[in-house]
Amino acid sequence: MSVVTSDIAPAQALLKAFELSANAIVLYDRTDHLIWANQVYRTRFMQHGLSVGATFEQVLRNGYAHGDGVKVDSGDIDAFVAAVLARRRSKPRREFATDLVDGTWLWVNEDLQDDGSLLCTLTDITSLKRTEHALARAHADALQAARTDPLTGAATRAWLLHLAEMAHEACLQNAQPMAVVLIDLDEFKKINDTHGHAAGDAVLKHFVAHCKGQLRPQDQFGRIGGEEFLLVLPHTRASDALLAAERLRQTLAPADTLRYTFSAGVAGARQGEVLADLLKRADAALYQAKRNGRNHCVEAPAVGA
């Protein structure tokens, strides 16, 4: 049996394979001067007069000067070069992603050789990065959808109760006051029955915009039911929360030409009390406001009252 052998020497075969590789491949000597680069590397990084013997720093600066090559987010090429060179050759093997001015993303493998030379292989991962970004956006959109009521833009029940739980725990741990305001739009069913669901939706959106316009950055507000809303007021005493609820009630304008009102129950947090009990007291105050003829705000009784 005969053995077929190649007429090409192994080193030549390897260089030919590197030259034809779809990846950019380059070899720098121990002083960081370019010894050899394949066609992909030359096309991507050596289009402006650079040749064998150029330093890696020259490659970086040349690309920056011509508006291509590695992206320099800071715009400070001197600081960028200094930071890159400080990391270069810091380990026997490094792997990292870098992006170029044209939007391309590359995965870089740097292998430090025994003689101090550095072999670099750069693989185009742009499609993977785009997929990664698309997945990240989809995840963020899904979180936003789960946290935001699609009709009004207010927080959803689940997300708001999560925020309320965190605010409640923090206030109690730091001996700070906290209050909640449970709000229900008065006779909302009659609005839907008389004027239609489109008018009811307009009222809900109008009410959310009205409340958001008067809240502090630290306040949390959301829709927890059809026409029921919850306002969480950290670092706020019940008496001040009652004033805030009254201010919302008294400044409520019609939605277009449709007048509507709301009733509210206010309760302040107590030491040793769980959030569910705080909300239960606010709910009882809300029902009292309804029994008082609607369009009222009622504060839950103080301890021992």
Side-chain angles (χ1 to χ4, degrees), residues 140 142-149 151-188 204 207-252 260-305:
L143 281 178
Q144 183 67 13
R147 295 172 178 178
T148 307
D149 175 51
L151 175 64
T152 65
T156 59
R157 177 187 181 89
W159 180 237
L160 183 61
L161 291 179
H162 171 71
L163 295 175
E165 192 72 61
M166 291 194 299
H168 183 252
E169 181 178 343
C171 286
L172 292 184
Q173 285 181 349
N174 295 293
Q176 293 291 324
M178 171 188 162
V180 296
V181 181
L182 198 58
I183 300 171
D184 188 79
L185 301 189
D186 296 325
E187 298 184 312
F188 185 73
L204 293 171
F207 181 66
V208 168
H210 168 69
C211 292
K212 283 186 173 181
Q214 299 194 40
L215 300 181
R216 304 168 302 179
Q218 67 266 34
D219 298 334
Q220 301 293 343
F221 175 74
R223 184 184 180 194
I224 59 173
E227 67 272 16
E228 194 169 24
F229 299 85
L230 176 63
L231 175 58
V232 180
L233 301 169
H235 313 299
T236 305
R237 299 186 183 281
S239 56
D240 293 325
L242 181 62
L243 292 175
E246 277 293 339
R247 184 169 60 251
L248 289 175
R249 187 183 67 83
Q250 293 172 11
T251 58
L252 183 63
Y260 67 100
T261 62
F262 71 83
S263 300
V266 179
R270 297 172 178 172
Q271 282 294 334
E273 180 184 55
V274 298
L275 179 65
D277 290 336
L278 173 61
L279 295 175
K280 186 181 295 184
R281 290 193 294 108
D283 190 52
L286 170 61
Y287 275 100
Q288 184 60 51
K290 294 285 189 181
R291 286 194 293 269
N292 289 351
R294 300 187 180 89
N295 195 21
H296 281 81
C297 298
V298 172
E299 180 183 346
V303 178

*Could you walk me through whether Ile183 and Leu230 pass the side chain to side chain contact (heavy atoms under 4.5 Å, CB included) check?*
CA-CA 6 Å; Ile183 300 171; Leu230 176 63; over 6 Å; no
*When you look at Leu204 and Leu151, which way does the side chain to side chain contact (heavy atoms under 4.5 Å, CB included) test go after all the steps?*
CA-CA 8 Å; Leu204 293 171; Leu151 175 64; 3.7 Å; yes
*Let me see the working for Val298 and Leu242 under side chain to side chain contact (heavy atoms under 4.5 Å, CB included), right down to the final yes or no.*
CA-CA 7 Å; Val298 172; Leu242 181 62; 6.0 Å; no
*Verify side chain to side chain contact (heavy atoms under 4.5 Å, CB included) between Ser263 and Tyr287, making sure each step is shown before the conclusion.*
CA-CA 9 Å; Ser263 300; Tyr287 275 100; over 6 Å; no
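By the 30° and 60° cut-offs, the orientation of the rings of Phe207 relative to Tyr260 is perpendicular.
Residue Arg223 holds its CZ atom at 13.0 Å from SG of Cys211, rounded to the nearest 0.5 Å. Put simply, CG on Leu243 and CD on Gln250 are 9.5 Å apart, with the number rounded to the nearest 0.5 Å. Between the NE2 atom of His168 and the CG atom of Asp277 there is a distance of 8.5 Å, given to the nearest 0.5 Å. The structure places CZ of Phe221 at 7.0 Å from CG of Leu215, a figure rounded to the nearest 0.5 Å.
Side-chain polar atoms of Gln144 and Arg147 form no donor-acceptor pair below 3.5 angstrom. There is a side-chain donor-acceptor pair under 3.5 Å between Asp186 and Thr261.
A donor-acceptor contact shorter than 3.5 Å links the side chain of His296 to the backbone of Arg294. Put simply, the side chain of Arg249 never gets that close to the backbone of Leu252: no donor and acceptor are under 3.5 Å apart. No donor-acceptor pair under 3.5 Å is formed between the side chain of Lys290 and the backbone N or O of Asn295. Side-chain atoms of Arg281 come within 3.5 Å of backbone atoms of Gly268 as a donor-acceptor pair (strictly under, hydrogens ignored). In this structure a side-chain-to-backbone donor-acceptor pair under 3.5 Å is present from Gln271 to Leu172.
Using a 4.5 Å heavy-atom threshold, the side chains of Thr251 and His210 count as touching. Within the 4.5 Å cutoff, the side chain of Phe229 has heavy atoms near those of the Val208 side chain. Contact check for Leu160 versus Gln220: side-chain heavy atoms found under the 4.5 Å cut-off. A 4.5 Å side-chain heavy-atom check between Val180 and Val266 finds every atom pair outside the cut-off.
Taking each heavy atom of Pro234 and Asp219 in turn, the nearest pair found is CD-OD1, 3.8 Å. Residues Val181 and Ala245 approach most closely at CG1-CB, 4.0 Å, considering heavy atoms. Residues Cys171 and Pro177 share a closest heavy-atom pair of SG-O, 3.7 Å. Scanning all heavy atoms of the two residues, the minimum distance from Ala285 to Glu299 falls at CB-C, 4.2 Å.
Under the side-chain hydrogen bond (donor to acceptor under 3.5 Å, both in side chains) criterion, Gln173 pairs with Glu169, not counting sequence neighbours.
Listed by first then second residue, pairs satisfying side-chain hydrogen bond (donor to acceptor under 3.5 Å, both in side chains) with a partner in residues 226-242 read Arg216-Thr236, not counting sequence neighbours.
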